[in-house]
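The figures here come from the full heavy-atom set of this structure, side chains too, leaving out hydrogens, waters and symmetry mates. In what follows, chains carry the letters A, B, and so on, assigned in the order in which the sequence lines appear, proteins first and then strands, with residues in each chain numbered from 1.
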There are 2 protein chains.
Amino acid sequence: MAQTIQEPSARLSPSTEDYLKAIYKLEEGDPVPTKALAGELEIAAASVTGMTKRLAERGLIEREPYKGATLTDAGTKVALEVIRHHRLLELYLKEEIGHSWEELHEEAERLEHHISEAFEDRLDELLDHPTRDPHGHPIPTRSGEVEETATQRLADLEDGDRAVVGHLSDKNPALLEHLEECGLMPGASLEVTEAQEVTEAQEVAEAQAFEEPIAVRVEGGEPQLVGRVVARSVFVFLAAS
Amino acid sequence: MAQTIQEPSARLSPSTEDYLKAIYKLEEGDPVPTKALAGELEIAAASVTGMTKRLAERGLIEREPYKGATLTDAGTKVALEVIRHHRLLELYLKEEIGHSWEELHEEAERLEHHISEAFEDRLDELLDHPTRDPHGHPIPTRSGEVEETATQRLADLEDGDRAVVGHLSDKNPALLEHLEECGLMPGASLEVTEAQEVTEAQEVAEAQAFEEPIAVRVEGGEPQLVGRVVARSVFVFLAAS
DNA sequence: TCCCTATTTTAGGCAAGACTAATTTGTTTC
DNA sequence: GAAACAAATTAGTCTTGCCTAAAATAGGGA
Ligand SMILES: [Mn+2]
Ligand SMILES: [Mn+2]
Ligand SMILES: [Mn+2]
Ligand SMILES: [Mn+2]
(Lines give C-alpha, C1' and ligand atoms only; values in the text may rest on other atoms or scores of the structure.)
(Ligands and ions follow the chains in the order given, each with its own letter.)
Protein backbone atom coordinates (compact mmCIF):
# COMPACT_ATOMS: atom_id res chain seq x y z
CA MET A 1 0.00 0.00 0.00
CA ALA A 2 2.73 2.43 0.95
CA GLN A 3 3.14 3.62 -2.61
CA THR A 4 6.76 4.64 -2.76
CA ILE A 5 7.28 7.89 -4.62
CA GLN A 6 10.87 8.13 -5.75
CA GLU A 7 12.85 11.01 -7.18
CA PRO A 8 11.96 11.54 -10.83
CA SER A 9 15.64 11.52 -11.80
CA ALA A 10 15.86 7.74 -11.45
CA ARG A 11 15.79 6.18 -14.89
CA LEU A 12 13.13 3.53 -15.34
CA SER A 13 14.23 0.20 -16.79
CA PRO A 14 13.52 -0.62 -20.44
CA SER A 15 11.24 -3.38 -19.20
CA THR A 16 9.22 -1.01 -17.06
CA GLU A 17 8.86 1.42 -19.93
CA ASP A 18 7.75 -1.30 -22.31
CA TYR A 19 5.06 -2.45 -19.89
CA LEU A 20 3.69 1.06 -19.58
CA LYS A 21 3.78 1.55 -23.34
CA ALA A 22 1.95 -1.74 -23.88
CA ILE A 23 -0.74 -0.87 -21.35
CA TYR A 24 -1.16 2.52 -22.97
CA LYS A 25 -1.60 0.85 -26.33
CA LEU A 26 -4.11 -1.73 -25.11
CA GLU A 27 -6.22 0.25 -22.70
CA GLU A 28 -9.31 1.79 -24.24
CA GLY A 29 -11.26 2.96 -21.30
CA ASP A 30 -11.17 -0.27 -19.37
CA PRO A 31 -8.36 -2.15 -17.62
CA VAL A 32 -5.95 -4.31 -19.60
CA PRO A 33 -6.21 -8.01 -18.65
CA THR A 34 -3.09 -9.90 -17.70
CA LYS A 35 -3.29 -12.17 -20.70
CA ALA A 36 -3.60 -9.37 -23.21
CA LEU A 37 -0.54 -7.70 -21.79
CA ALA A 38 1.31 -11.00 -21.76
CA GLY A 39 0.45 -11.46 -25.42
CA GLU A 40 1.56 -7.99 -26.41
CA LEU A 41 4.86 -8.30 -24.57
CA GLU A 42 5.40 -11.96 -25.47
CA ILE A 43 5.92 -12.87 -21.86
CA ALA A 44 4.32 -15.51 -19.62
CA ALA A 45 1.16 -14.39 -17.82
CA ALA A 46 2.63 -15.25 -14.42
CA SER A 47 5.50 -12.88 -15.11
CA VAL A 48 3.05 -10.12 -15.94
CA THR A 49 1.23 -10.64 -12.65
CA GLY A 50 4.49 -10.19 -10.79
CA MET A 51 5.63 -7.17 -12.75
CA THR A 52 2.31 -5.35 -12.63
CA LYS A 53 2.29 -5.72 -8.86
CA ARG A 54 5.58 -3.92 -8.70
CA LEU A 55 4.39 -1.23 -11.12
CA ALA A 56 1.33 -0.68 -8.94
CA GLU A 57 3.51 -0.33 -5.85
CA ARG A 58 5.45 2.36 -7.63
CA GLY A 59 2.29 4.25 -8.46
CA LEU A 60 2.66 3.86 -12.21
CA ILE A 61 -0.46 1.76 -12.69
CA GLU A 62 -3.56 0.80 -10.81
CA ARG A 63 -4.16 -2.89 -10.54
CA GLU A 64 -7.38 -4.73 -9.83
CA PRO A 65 -6.70 -8.45 -9.27
CA TYR A 66 -8.48 -10.64 -11.82
CA LYS A 67 -9.49 -7.48 -13.69
CA GLY A 68 -6.43 -5.83 -15.16
CA ALA A 69 -4.17 -2.80 -15.14
CA THR A 70 -4.81 0.89 -15.81
CA LEU A 71 -2.21 3.62 -16.11
CA THR A 72 -2.10 6.32 -13.47
CA ASP A 73 -1.33 9.88 -14.55
CA ALA A 74 2.31 9.24 -13.72
CA GLY A 75 2.28 6.06 -15.77
CA THR A 76 0.59 7.73 -18.72
CA LYS A 77 3.18 10.45 -18.67
CA VAL A 78 6.00 7.91 -18.87
CA ALA A 79 4.28 5.98 -21.64
CA LEU A 80 3.82 9.11 -23.73
CA GLU A 81 7.43 10.13 -23.21
CA VAL A 82 8.65 6.75 -24.41
CA ILE A 83 6.30 6.83 -27.39
CA ARG A 84 7.57 10.29 -28.22
CA HIS A 85 11.12 8.97 -28.16
CA HIS A 86 10.15 6.02 -30.31
CA ARG A 87 8.43 8.04 -32.99
CA LEU A 88 10.99 10.81 -33.15
CA LEU A 89 13.67 8.17 -33.50
CA GLU A 90 11.79 6.34 -36.24
CA LEU A 91 11.39 9.51 -38.24
CA TYR A 92 14.99 10.45 -37.69
CA LEU A 93 16.32 7.04 -38.62
CA LYS A 94 14.25 7.05 -41.77
CA GLU A 95 14.92 10.61 -42.89
CA GLU A 96 18.46 11.33 -41.77
CA ILE A 97 20.15 7.99 -41.23
CA GLY A 98 18.50 6.12 -44.06
CA HIS A 99 17.32 3.04 -42.22
CA SER A 100 14.98 0.70 -44.06
CA TRP A 101 11.44 -0.04 -42.91
CA GLU A 102 12.84 -3.33 -41.72
CA GLU A 103 15.42 -1.75 -39.40
CA LEU A 104 13.33 1.17 -38.21
CA HIS A 105 11.16 -0.40 -35.61
CA GLU A 106 13.69 -2.62 -33.89
CA GLU A 107 16.27 0.12 -33.59
CA ALA A 108 13.75 2.61 -32.21
CA GLU A 109 12.41 -0.03 -29.85
CA ARG A 110 15.82 -0.27 -28.22
CA LEU A 111 17.03 3.31 -28.40
CA GLU A 112 13.81 4.83 -27.07
CA HIS A 113 14.90 3.76 -23.59
CA HIS A 114 18.37 5.22 -23.73
CA ILE A 115 18.39 8.66 -25.28
CA SER A 116 18.56 11.74 -23.07
CA GLU A 117 15.98 14.49 -22.96
CA ALA A 118 18.56 16.73 -24.59
CA PHE A 119 18.83 14.28 -27.48
CA GLU A 120 15.07 14.16 -27.77
CA ASP A 121 14.95 17.95 -28.01
CA ARG A 122 17.69 18.03 -30.65
CA LEU A 123 15.84 15.50 -32.77
CA ASP A 124 12.67 17.50 -32.45
CA GLU A 125 14.42 20.67 -33.64
CA LEU A 126 16.37 18.96 -36.38
CA LEU A 127 13.19 17.44 -37.77
CA ASP A 128 11.41 20.78 -37.47
CA HIS A 129 8.96 19.78 -34.75
CA PRO A 130 7.26 16.97 -36.62
CA THR A 131 3.81 15.75 -35.64
CA ARG A 132 3.84 12.32 -37.32
CA ASP A 133 6.27 9.42 -37.56
CA PRO A 134 6.97 7.60 -40.85
CA HIS A 135 3.99 5.31 -40.34
CA GLY A 136 1.76 8.30 -39.76
CA HIS A 137 1.43 7.76 -36.02
CA PRO A 138 1.12 11.00 -34.08
CA ILE A 139 4.16 12.10 -32.08
CA PRO A 140 3.06 13.16 -28.60
CA THR A 141 4.23 16.63 -27.62
CA ARG A 142 6.62 17.12 -24.74
CA SER A 143 3.64 18.03 -22.62
CA GLY A 144 1.78 14.88 -23.60
CA GLU A 145 -0.78 15.93 -26.16
CA VAL A 146 -1.57 13.45 -28.90
CA GLU A 147 -3.20 14.19 -32.25
CA GLU A 148 -6.20 12.28 -33.46
CA THR A 149 -5.68 8.92 -35.16
CA ALA A 150 -7.57 7.54 -38.14
CA THR A 151 -9.86 4.58 -37.39
CA GLN A 152 -11.30 3.78 -40.80
CA ARG A 153 -9.58 1.23 -43.01
CA LEU A 154 -9.03 1.73 -46.72
CA ALA A 155 -10.41 -1.78 -47.20
CA ASP A 156 -13.79 -0.64 -45.88
CA LEU A 157 -14.31 2.30 -48.22
CA GLU A 158 -16.78 2.25 -51.07
CA ASP A 159 -16.68 3.28 -54.67
CA GLY A 160 -16.34 7.01 -55.02
CA ASP A 161 -15.11 7.61 -51.47
CA ARG A 162 -12.33 10.14 -51.09
CA ALA A 163 -9.94 10.01 -48.19
CA VAL A 164 -6.51 10.98 -46.87
CA VAL A 165 -4.12 8.34 -45.63
CA GLY A 166 -3.67 8.66 -41.87
CA HIS A 167 -1.37 5.89 -40.78
CA LEU A 168 -0.17 2.43 -41.74
CA SER A 169 0.11 -0.73 -39.74
CA ASP A 170 3.73 -1.17 -38.75
CA LYS A 171 3.60 -4.93 -38.32
CA ASN A 172 5.05 -5.92 -41.67
CA PRO A 173 8.07 -4.14 -43.20
CA ALA A 174 7.63 -5.83 -46.59
CA LEU A 175 4.12 -4.48 -46.77
CA LEU A 176 5.39 -0.99 -46.02
CA GLU A 177 7.81 -1.26 -48.96
CA HIS A 178 4.87 -2.19 -51.13
CA LEU A 179 2.75 0.67 -49.88
CA GLU A 180 5.57 3.10 -50.51
CA GLU A 181 5.71 1.98 -54.13
CA CYS A 182 1.96 2.43 -54.42
CA GLY A 183 2.23 5.98 -53.11
CA LEU A 184 0.02 5.04 -50.19
CA MET A 185 1.97 6.99 -47.62
CA PRO A 186 0.56 9.09 -44.76
CA GLY A 187 -0.90 12.34 -46.05
CA ALA A 188 -1.67 11.06 -49.54
CA SER A 189 -5.12 11.92 -50.93
CA LEU A 190 -6.95 9.16 -52.71
CA GLU A 191 -10.19 8.14 -54.32
CA VAL A 192 -11.77 4.73 -54.56
CA THR A 193 -12.59 4.09 -58.24
CA GLU A 194 -14.43 1.46 -60.23
CA ALA A 195 -12.56 -1.79 -60.70
CA GLN A 196 -13.04 -1.64 -64.50
CA GLU A 197 -10.67 1.27 -64.91
CA VAL A 198 -7.70 -0.91 -64.08
CA THR A 199 -5.74 -2.88 -66.66
CA GLU A 200 -6.18 -6.60 -66.76
CA ALA A 201 -2.52 -7.49 -66.37
CA GLN A 202 -2.30 -5.57 -63.12
CA GLU A 203 -5.47 -7.13 -61.93
CA VAL A 204 -4.07 -10.61 -62.35
CA ALA A 205 -0.82 -9.77 -60.62
CA GLU A 206 -2.52 -8.19 -57.66
CA ALA A 207 -5.09 -10.90 -57.38
CA GLN A 208 -2.39 -13.52 -57.11
CA ALA A 209 -0.64 -11.73 -54.30
CA PHE A 210 -3.63 -10.62 -52.29
CA GLU A 211 -7.22 -11.64 -52.87
CA GLU A 212 -10.23 -9.41 -53.58
CA PRO A 213 -8.52 -6.18 -54.53
CA ILE A 214 -9.91 -2.68 -54.22
CA ALA A 215 -9.39 -0.08 -56.95
CA VAL A 216 -7.76 3.13 -55.77
CA ARG A 217 -6.44 6.25 -57.45
CA VAL A 218 -3.88 8.17 -55.48
CA GLU A 219 -3.84 11.88 -56.25
CA GLY A 220 -1.60 12.56 -59.23
CA GLY A 221 -1.41 8.92 -60.24
CA GLU A 222 -3.16 6.25 -62.25
CA PRO A 223 -5.86 4.00 -60.79
CA GLN A 224 -4.43 0.81 -59.33
CA LEU A 225 -5.57 -2.33 -57.60
CA VAL A 226 -4.72 -2.80 -53.97
CA GLY A 227 -5.12 -6.16 -52.27
CA ARG A 228 -7.66 -6.39 -49.47
CA VAL A 229 -5.05 -7.53 -46.97
CA VAL A 230 -2.94 -4.54 -47.90
CA ALA A 231 -5.89 -2.17 -47.82
CA ARG A 232 -6.78 -3.41 -44.39
CA SER A 233 -3.51 -2.09 -43.03
CA VAL A 234 -4.05 1.41 -44.39
CA PHE A 235 -6.01 3.71 -42.09
CA VAL A 236 -7.64 6.77 -43.59
CA PHE A 237 -9.52 9.92 -42.76
CA LEU A 238 -12.65 9.87 -44.87
CA ALA A 239 -13.29 13.19 -46.62
CA ALA A 240 -16.72 14.69 -45.98
CA SER A 241 -18.75 13.89 -49.08
CA MET B 1 36.17 -25.07 -17.05
CA ALA B 2 33.79 -26.05 -19.83
CA GLN B 3 34.09 -22.70 -21.53
CA THR B 4 30.69 -22.22 -23.12
CA ILE B 5 30.84 -20.87 -26.64
CA GLN B 6 27.50 -19.34 -27.55
CA GLU B 7 26.12 -18.10 -30.83
CA PRO B 8 27.58 -14.71 -31.68
CA SER B 9 24.11 -13.30 -32.32
CA ALA B 10 23.37 -13.10 -28.59
CA ARG B 11 23.72 -9.48 -27.48
CA LEU B 12 26.09 -8.97 -24.56
CA SER B 13 24.79 -6.93 -21.65
CA PRO B 14 25.90 -3.32 -21.21
CA SER B 15 27.59 -4.40 -18.02
CA THR B 16 29.60 -7.09 -19.77
CA GLU B 17 30.66 -4.68 -22.48
CA ASP B 18 31.72 -2.08 -19.94
CA TYR B 19 33.90 -4.61 -18.12
CA LEU B 20 35.64 -5.60 -21.33
CA LYS B 21 36.15 -1.98 -22.29
CA ALA B 22 37.60 -1.19 -18.88
CA ILE B 23 40.00 -4.13 -19.01
CA TYR B 24 41.07 -3.08 -22.48
CA LYS B 25 41.75 0.40 -21.20
CA LEU B 26 43.72 -0.72 -18.15
CA GLU B 27 45.72 -3.63 -19.47
CA GLU B 28 49.15 -2.72 -20.73
CA GLY B 29 50.80 -6.03 -21.24
CA ASP B 30 50.01 -7.43 -17.81
CA PRO B 31 46.77 -8.52 -16.16
CA VAL B 32 44.41 -5.96 -14.65
CA PRO B 33 44.07 -6.40 -10.87
CA THR B 34 40.63 -6.67 -9.36
CA LYS B 35 40.99 -3.44 -7.47
CA ALA B 36 42.00 -1.41 -10.50
CA LEU B 37 39.00 -2.67 -12.38
CA ALA B 38 36.76 -1.99 -9.41
CA GLY B 39 38.08 1.57 -9.31
CA GLU B 40 37.56 2.17 -13.02
CA LEU B 41 34.01 0.81 -12.96
CA GLU B 42 33.14 2.31 -9.56
CA ILE B 43 32.00 -1.04 -8.29
CA ALA B 44 32.91 -3.03 -5.15
CA ALA B 45 35.90 -5.35 -5.55
CA ALA B 46 33.88 -8.38 -4.50
CA SER B 47 31.45 -7.71 -7.32
CA VAL B 48 34.31 -7.60 -9.78
CA THR B 49 35.58 -10.97 -8.59
CA GLY B 50 32.18 -12.46 -9.26
CA MET B 51 31.71 -10.86 -12.64
CA THR B 52 35.20 -11.65 -13.92
CA LYS B 53 34.64 -15.29 -13.07
CA ARG B 54 31.61 -15.30 -15.30
CA LEU B 55 33.45 -13.49 -18.09
CA ALA B 56 36.21 -16.09 -17.89
CA GLU B 57 33.68 -18.90 -18.15
CA ARG B 58 32.36 -17.30 -21.30
CA GLY B 59 35.80 -17.16 -22.80
CA LEU B 60 35.95 -13.37 -22.95
CA ILE B 61 38.82 -12.98 -20.50
CA GLU B 62 41.47 -15.06 -18.88
CA ARG B 63 41.54 -14.87 -15.13
CA GLU B 64 44.39 -15.67 -12.77
CA PRO B 65 43.18 -15.58 -9.16
CA TYR B 66 45.02 -12.99 -7.09
CA LYS B 67 46.65 -11.74 -10.27
CA GLY B 68 44.07 -10.18 -12.52
CA ALA B 69 42.23 -10.34 -15.82
CA THR B 70 43.41 -10.31 -19.43
CA LEU B 71 41.26 -10.10 -22.52
CA THR B 72 41.13 -13.09 -24.85
CA ASP B 73 40.97 -12.45 -28.58
CA ALA B 74 37.20 -12.72 -28.40
CA GLY B 75 37.11 -10.24 -25.53
CA THR B 76 39.41 -7.80 -27.30
CA LYS B 77 37.20 -7.92 -30.35
CA VAL B 78 34.15 -7.02 -28.29
CA ALA B 79 35.99 -4.23 -26.49
CA LEU B 80 37.11 -2.69 -29.77
CA GLU B 81 33.63 -2.91 -31.22
CA VAL B 82 32.18 -1.08 -28.24
CA ILE B 83 34.91 1.53 -28.35
CA ARG B 84 34.23 2.01 -32.06
CA HIS B 85 30.57 2.58 -31.25
CA HIS B 86 31.44 5.00 -28.48
CA ARG B 87 33.76 7.13 -30.55
CA LEU B 88 31.63 7.20 -33.67
CA LEU B 89 28.73 8.26 -31.50
CA GLU B 90 30.73 10.98 -29.76
CA LEU B 91 31.80 12.43 -33.07
CA TYR B 92 28.30 12.21 -34.45
CA LEU B 93 26.70 13.77 -31.41
CA LYS B 94 29.20 16.62 -31.52
CA GLU B 95 29.14 17.28 -35.25
CA GLU B 96 25.60 16.52 -36.31
CA ILE B 97 23.45 16.69 -33.22
CA GLY B 98 25.22 19.52 -31.49
CA HIS B 99 25.72 18.01 -28.08
CA SER B 100 27.98 19.87 -25.67
CA TRP B 101 31.20 18.39 -24.27
CA GLU B 102 29.25 17.89 -21.09
CA GLU B 103 26.59 15.72 -22.74
CA LEU B 104 28.84 13.84 -25.17
CA HIS B 105 30.39 11.25 -22.98
CA GLU B 106 27.39 10.19 -20.96
CA GLU B 107 25.17 9.83 -23.99
CA ALA B 108 27.76 7.80 -25.89
CA GLU B 109 28.42 5.70 -22.82
CA ARG B 110 24.79 4.56 -22.88
CA LEU B 111 24.08 4.36 -26.58
CA GLU B 112 27.26 2.44 -27.44
CA HIS B 113 25.55 -0.68 -26.11
CA HIS B 114 22.34 -0.33 -28.04
CA ILE B 115 22.98 0.71 -31.65
CA SER B 116 22.87 -1.88 -34.40
CA GLU B 117 25.73 -2.71 -36.72
CA ALA B 118 23.71 -1.10 -39.50
CA PHE B 119 23.56 2.12 -37.50
CA GLU B 120 27.28 1.94 -36.88
CA ASP B 121 27.90 1.62 -40.62
CA ARG B 122 25.61 4.56 -41.42
CA LEU B 123 27.41 6.78 -38.92
CA ASP B 124 30.74 5.77 -40.38
CA GLU B 125 29.58 6.72 -43.88
CA LEU B 126 27.84 9.88 -42.83
CA LEU B 127 30.98 11.07 -41.06
CA ASP B 128 33.09 10.07 -44.05
CA HIS B 129 34.99 7.24 -42.37
CA PRO B 130 36.56 9.28 -39.61
CA THR B 131 39.66 8.07 -37.76
CA ARG B 132 39.43 10.22 -34.63
CA ASP B 133 36.71 11.15 -32.16
CA PRO B 134 36.26 14.73 -30.89
CA HIS B 135 38.83 14.19 -28.15
CA GLY B 136 41.31 12.91 -30.72
CA HIS B 137 41.04 9.27 -29.65
CA PRO B 138 41.46 6.86 -32.53
CA ILE B 139 38.35 5.12 -33.82
CA PRO B 140 39.07 1.41 -34.24
CA THR B 141 38.22 0.09 -37.70
CA ARG B 142 35.53 -2.49 -38.17
CA SER B 143 38.28 -5.09 -38.35
CA GLY B 144 39.83 -3.90 -35.10
CA GLU B 145 42.86 -1.85 -36.10
CA VAL B 146 43.70 1.11 -33.88
CA GLU B 147 45.85 4.08 -34.79
CA GLU B 148 48.73 5.19 -32.63
CA THR B 149 48.04 7.40 -29.63
CA ALA B 150 50.16 10.30 -28.39
CA THR B 151 51.91 9.74 -25.07
CA GLN B 152 53.71 13.03 -24.50
CA ARG B 153 52.00 15.78 -22.53
CA LEU B 154 52.02 19.42 -23.57
CA ALA B 155 52.99 20.22 -19.99
CA ASP B 156 56.28 18.38 -20.43
CA LEU B 157 57.48 20.17 -23.55
CA GLU B 158 60.29 22.70 -23.51
CA ASP B 159 60.84 26.13 -25.00
CA GLY B 160 61.01 25.95 -28.77
CA ASP B 161 59.41 22.53 -29.08
CA ARG B 162 56.95 22.10 -31.92
CA ALA B 163 54.17 19.55 -31.76
CA VAL B 164 50.76 18.53 -33.03
CA VAL B 165 47.89 17.98 -30.62
CA GLY B 166 46.98 14.29 -30.52
CA HIS B 167 44.22 13.89 -28.01
CA LEU B 168 42.74 15.49 -24.90
CA SER B 169 41.78 14.02 -21.59
CA ASP B 170 38.04 13.54 -21.55
CA LYS B 171 37.63 13.64 -17.78
CA ASN B 172 36.54 17.25 -17.45
CA PRO B 173 34.01 18.88 -19.82
CA ALA B 174 34.71 22.39 -18.52
CA LEU B 175 38.35 21.93 -19.36
CA LEU B 176 37.44 20.86 -22.88
CA GLU B 177 35.44 24.05 -23.33
CA HIS B 178 38.50 25.99 -22.27
CA LEU B 179 40.77 24.08 -24.63
CA GLU B 180 38.39 24.70 -27.49
CA GLU B 181 38.60 28.45 -26.86
CA CYS B 182 42.40 28.20 -26.80
CA GLY B 183 42.38 26.42 -30.15
CA LEU B 184 44.04 23.43 -28.57
CA MET B 185 42.01 20.85 -30.44
CA PRO B 186 43.25 17.58 -31.93
CA GLY B 187 45.28 18.20 -35.06
CA ALA B 188 46.36 21.73 -34.14
CA SER B 189 50.04 22.54 -34.67
CA LEU B 190 51.74 24.46 -31.91
CA GLU B 191 55.01 25.82 -30.66
CA VAL B 192 56.17 26.38 -27.11
CA THR B 193 57.40 29.96 -26.83
CA GLU B 194 59.12 32.08 -24.22
CA ALA B 195 56.95 33.27 -21.39
CA GLN B 196 57.98 36.91 -21.99
CA GLU B 197 56.09 37.17 -25.24
CA VAL B 198 52.80 37.05 -23.42
CA THR B 199 51.01 40.12 -22.10
CA GLU B 200 50.98 40.71 -18.40
CA ALA B 201 47.23 40.87 -18.02
CA GLN B 202 46.78 37.44 -19.51
CA GLU B 203 49.54 36.12 -17.35
CA VAL B 204 47.78 37.21 -14.19
CA ALA B 205 44.45 35.79 -15.29
CA GLU B 206 45.88 32.44 -16.20
CA ALA B 207 48.02 32.23 -13.09
CA GLN B 208 45.00 32.69 -10.89
CA ALA B 209 43.11 29.88 -12.54
CA PHE B 210 45.92 27.37 -12.93
CA GLU B 211 49.41 27.66 -11.48
CA GLU B 212 52.73 27.65 -13.34
CA PRO B 213 51.58 28.30 -16.86
CA ILE B 214 53.36 27.35 -20.07
CA ALA B 215 53.55 29.70 -23.06
CA VAL B 216 52.19 28.27 -26.28
CA ARG B 217 51.53 29.63 -29.74
CA VAL B 218 48.99 27.72 -31.75
CA GLU B 219 49.53 27.95 -35.50
CA GLY B 220 47.80 31.01 -36.87
CA GLY B 221 47.28 32.57 -33.44
CA GLU B 222 48.94 34.71 -30.81
CA PRO B 223 51.11 33.29 -28.04
CA GLN B 224 49.11 32.50 -24.93
CA LEU B 225 49.60 31.12 -21.47
CA VAL B 226 48.21 27.72 -20.65
CA GLY B 227 47.96 26.48 -17.08
CA ARG B 228 50.05 23.46 -16.14
CA VAL B 229 47.00 21.48 -15.08
CA VAL B 230 45.43 22.22 -18.44
CA ALA B 231 48.63 21.44 -20.33
CA ARG B 232 48.87 18.12 -18.56
CA SER B 233 45.61 17.00 -20.13
CA VAL B 234 46.78 17.76 -23.67
CA PHE B 235 48.67 14.92 -25.35
CA VAL B 236 50.86 15.76 -28.32
CA PHE B 237 53.00 14.28 -31.03
CA LEU B 238 56.37 16.00 -30.79
CA ALA B 239 57.68 17.15 -34.19
CA ALA B 240 61.12 15.89 -35.09
CA SER B 241 63.43 18.85 -34.39
C1' DT C 1 -27.45 -23.76 -8.79
C1' DC C 2 -23.41 -26.24 -9.95
C1' DC C 3 -19.74 -27.32 -12.85
C1' DC C 4 -16.38 -26.48 -16.43
C1' DT C 5 -12.93 -23.86 -18.37
C1' DA C 6 -10.13 -20.10 -19.32
C1' DT C 7 -7.72 -16.77 -16.78
C1' DT C 8 -5.19 -15.41 -13.05
C1' DT C 9 -2.51 -15.88 -9.20
C1' DT C 10 0.73 -18.30 -6.11
C1' DA C 11 4.75 -20.94 -5.22
C1' DG C 12 9.19 -21.99 -6.15
C1' DG C 13 13.35 -21.35 -9.17
C1' DC C 14 16.99 -19.18 -11.74
C1' DA C 15 20.52 -15.87 -13.67
C1' DA C 16 22.60 -11.40 -13.70
C1' DG C 17 24.73 -7.99 -11.08
C1' DA C 18 25.13 -5.50 -7.48
C1' DC C 19 26.10 -5.04 -2.08
C1' DT C 20 28.43 -5.85 2.89
C1' DA C 21 30.98 -8.49 6.14
C1' DA C 22 34.09 -12.05 7.06
C1' DT C 23 37.92 -14.68 5.69
C1' DT C 24 41.96 -15.89 3.09
C1' DT C 25 46.11 -14.97 0.60
C1' DG C 26 50.17 -12.58 -0.95
C1' DT C 27 53.67 -9.39 0.14
C1' DT C 28 56.40 -6.45 2.64
C1' DT C 29 58.85 -5.33 6.72
C1' DC C 30 61.31 -5.91 10.88
C1' DG D 1 60.48 -16.31 10.04
C1' DA D 2 56.64 -13.97 12.07
C1' DA D 3 53.70 -9.97 12.01
C1' DA D 4 51.19 -6.58 9.67
C1' DC D 5 48.73 -4.86 5.92
C1' DA D 6 46.58 -4.57 1.56
C1' DA D 7 44.27 -7.05 -1.92
C1' DA D 8 41.36 -10.67 -3.17
C1' DT D 9 38.08 -14.07 -2.41
C1' DT D 10 34.15 -16.27 -0.14
C1' DA D 11 29.75 -16.24 2.01
C1' DG D 12 25.47 -14.59 2.32
C1' DT D 13 21.79 -11.04 0.62
C1' DC D 14 19.11 -8.29 -2.35
C1' DT D 15 16.43 -6.69 -6.52
C1' DT D 16 14.85 -7.18 -11.13
C1' DG D 17 12.66 -9.94 -14.45
C1' DC D 18 11.95 -13.76 -16.28
C1' DC D 19 10.36 -19.03 -16.14
C1' DT D 20 7.22 -23.51 -15.14
C1' DA D 21 3.92 -25.99 -12.51
C1' DA D 22 0.29 -25.98 -9.34
C1' DA D 23 -3.63 -23.90 -7.16
C1' DA D 24 -7.35 -20.58 -7.04
C1' DT D 25 -10.98 -17.94 -9.03
C1' DA D 26 -14.50 -15.81 -11.97
C1' DG D 27 -18.13 -16.34 -15.08
C1' DG D 28 -20.91 -18.63 -18.49
C1' DG D 29 -23.69 -22.65 -19.78
C1' DA D 30 -26.38 -26.77 -18.60
MN1 LIG E 1 11.23 -0.81 -26.22
MN1 LIG F 1 5.63 4.00 -35.74
MN1 LIG G 1 28.95 2.09 -21.45
MN1 LIG H 1 36.33 10.08 -26.54
Side-chain angles (χ1 to χ4, degrees), chain A residues 2-7 10-23 26-27 30-70 75 78 82 109-110 113-114, chain B residues 2-7 10-23 26-27 30-70 75 78 82 109-110 113-114:
Chain A
Q3 149 184 334
T4 318
I5 276 86
Q6 52 210 353
E7 34 184 342
R11 221 172 234 283
L12 300 173
S13 71
S15 205
T16 297
E17 294 185 341
D18 281 338
Y19 270 82
L20 298 175
K21 223 175 38 154
I23 296 169
L26 298 176
E27 83 179 348
D30 25 43
V32 180
T34 303
K35 209 202 173 191
L37 201 43
E40 174 71 21
L41 295 168
E42 301 185 85
I43 271 172
S47 307
V48 172
T49 301
M51 186 67 166
T52 50
K53 277 182 181 172
R54 262 172 276 138
L55 294 177
E57 268 167 36
R58 294 208 270 169
L60 294 166
I61 66 172
E62 232 139 84
R63 200 184 111 85
E64 186 101 31
Y66 294 99
K67 280 286 177 64
T70 321
V78 173
V82 179
E109 196 60 51
R110 269 178 286 112
H113 310 291
H114 303 289
Chain B
Q3 148 186 333
T4 319
I5 276 86
Q6 53 210 354
E7 35 183 342
R11 221 171 235 283
L12 300 173
S13 71
S15 206
T16 298
E17 294 185 340
D18 280 339
Y19 270 83
L20 298 175
K21 223 176 40 154
I23 297 169
L26 297 176
E27 85 180 345
D30 25 43
V32 180
T34 302
K35 210 204 172 189
L37 201 43
E40 175 70 21
L41 294 167
E42 302 185 87
I43 272 174
S47 308
V48 171
T49 300
M51 185 66 167
T52 51
K53 278 181 180 173
R54 260 171 276 138
L55 294 177
E57 267 167 37
R58 292 208 272 170
L60 294 167
I61 66 172
E62 234 141 80
R63 203 185 108 85
E64 185 102 32
Y66 294 99
K67 278 288 176 62
T70 321
V78 173
V82 180
E109 195 61 51
R110 269 179 287 113
H113 310 291
H114 304 289

### Message
For nucleotides 15-20 of chain D, give me one character per nucleotide, 5' to 3': B if any protein heavy atom sits under 4.0 Å from the base, S if the only such contacts are to the sugar-phosphate, - if neither.
### Response
-SBSBB

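Proximity of Leu20(A) to Val82(A): side-chain heavy atoms (C-beta onward) are nowhere separated by under 4.5 Å. In this structure, the side chains of Arg110(B) and Pro14(B) stay at 4.5 Å or more apart for every pair of heavy atoms.
What you find for His113(B) and Glu17(B) is that their closest heavy atoms are ND1-OE1, 2.7 Å.
The distance from atom CG of Leu20(B) to atom C1' of dG17(C) is 15 Å, rounded to the nearest whole Å. Summarising the geometry, the separation between CD on Glu64(A) and P on dT9(C) is reported as 11 Å, rounded to the nearest angstrom. Distance CG (Leu55(B)) to C1' (dG17(C)): 11 Å, rounded to an integer number of Å. Straight-line distance from the OH atom of Tyr66(A) to the P atom of dT7(C): 14 Å, rounded to whole Å. In this structure, NZ of Lys35(A) is placed 16 Å from P of dT5(C), rounded to the nearest angstrom. When rounded to the nearest whole Å, the span between CG of Asp18(B) and P of dA18(C) equals 9 Å. Remark: C1' of dA18(C) and NZ of Lys53(B) are 15 Å apart, rounded to the nearest angstrom.
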### Query
After noting the C-alpha distance and the side-chain angles of Glu62(B) and Lys67(B), does the key distance pass the salt bridge (Lys or Arg N to Asp or Glu O under 4.0 Å) rule?
CA-CA 11 Å; Glu62(B) 234 141 80; Lys67(B) 278 288 176 62; over 6 Å; no

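Distance CG/Leu60(B) to OH/Tyr19(B): 13.5 Å, rounded to 0.5 Å.
Looking at heavy-atom distances under 4.0 Å, Thr34(B) makes contact with sugar-phosphate atoms alone, never a base.
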Under 3.5 Å donor-acceptor pairs involving side-chain atoms of residues 30-52 of chain B, not counting sequence neighbours:
unit_1: Glu40(B); atom_1: OE2; unit_2: Lys25(B); atom_2: NZ; d: 3.3
unit_1: Thr49(B); atom_1: OG1; unit_2: Ala45(B); atom_2: O; d: 3.4
unit_1: Thr52(B); atom_1: OG1; unit_2: Val48(B); atom_2: O; d: 2.8
unit_1: Thr52(B); atom_1: OG1; unit_2: Thr49(B); atom_2: O; d: 3.0
unit_1: Thr52(B); atom_1: OG1; unit_2: Arg63(B); atom_2: NH1; d: 3.2

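Between dT7(C) and Lys67(A), no contact under 4.0 Å exists linking OP1 or OP2 to a side-chain N or O.
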